[in-house]
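A quick note: this is a predicted structure, and the numbers were derived from the prediction, not measured.
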Amino acid sequence: MSTQFSGWRMPTTLLVVLVSGVALGSARPAGAHHSHSMFDTSKEVTITGTVTNFSYRNPHVFLYIDVRNDKGEVVSWAIEMSNISNTQSRGIYRSTFKAGDVVTVKINPLKDGRFGGNYTSVTAADGKTYE
């Protein structure tokens, strides 16, 4: 079986391969991403604490810090940042934060009350602020 184009005959198998190749070649992977609806963007909270871990990987960079609450207890916070390329465009690299650094972070807190949020800015141990 074949398909005819202006006197030229194309085998059906070749036509299927070409159409499939164009379709697959132009397809883009779906970029799964969550919404920021979990964060209360109407509030901004400032916390100061000690870095315990800086997870520099996609899909999101995370900064983990221990913060003393009003009772003097240490509470661990998880601060969500952006992906690596956006973080780098803001001047934040793998070496920017190290365990033991004292940082001040402004965040939109999680709506459910857990200790975490999405950063809006962070001031590093050297005094430099990243937004």
Hey, does the side chain of [X] reach the backbone of [Y] with a donor-acceptor pair shorter than 3.5 angstrom?
{"X": "Thr120", "Y": "Lys106", "answer": "yes"}
{"X": "Asn108", "Y": "Lys43", "answer": "yes"}
{"X": "Thr52", "Y": "Tyr64", "answer": "yes"}
{"X": "Asp112", "Y": "Met38", "answer": "no"}
{"X": "Asp101", "Y": "Lys98", "answer": "yes"}

### Message
Once you measure the plane-to-plane angle for Phe54 and Tyr56, does it fall in the parallel (<30°), tilted (30-60°) or perpendicular (>60°) bin?
### Response
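Phe54 vs Tyr56 ring planes: tilted.
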
### Task
Please step through side chain to side chain donor-acceptor pair (under 3.5 Å) for the pair Thr87 and Ser82, ending with a clear verdict.
CA-CA 6 Å; Thr87 314; Ser82 191; 5.0 Å; no

### Query
Just wondering, are more than 12 heavy atoms of other shown residues or ligands nearer than 6.0 Å to CZ in Arg90?
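Counting neighbours around CZ of Arg90, more than 12 heavy atoms of other residues, nucleotides or ligands fall under 6.0 Å, so yes.
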
### Message
Does Lys128, at its NZ atom, have more than 12 non-hydrogen atoms belonging to other residues, nucleotides or ligands within less than 6.0 Å?
### Response
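Counting neighbours around NZ of Lys128, 12 or fewer heavy atoms of other residues, nucleotides or ligands fall under 6.0 Å, so no.
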
### Distance-only polar pair, side chains of Asn53 and Ser55, donor-acceptor under 3.5 Å
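No pair is found: no donor N or O on one side chain lies under 3.5 Å from an acceptor on the other.
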
### Query
Out of Val61, Val105, Asn118, which residue meets the side chain to side chain contact (heavy atoms under 4.5 Å, CB included) rule with Ile79?
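By the side chain to side chain contact (heavy atoms under 4.5 Å, CB included) criterion, Ile79 pairs with just one of Val61, Val105, Asn118: Val105.
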
### Task
Dump the intermediate steps for side-chain contact (heavy atoms from CB on, under 4.5 Å) on Asn69 and Phe115, then the final yes or no.
CA-CA 11 Å; Asn69 65 15; Phe115 299 108; over 6 Å; no

### Message
Is there a continuous path of hydrophobic side-chain contacts, each under 4.5 Å between heavy atoms, that joins Ile107 to Phe62?
### Response
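Different clusters.
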
### Query
Run the side-chain contact (heavy atoms from CB on, under 4.5 Å) check on Val103 and Phe97 step by step: do they pass?
CA-CA 9 Å; Val103 297; Phe97 305 108; 3.9 Å; yes

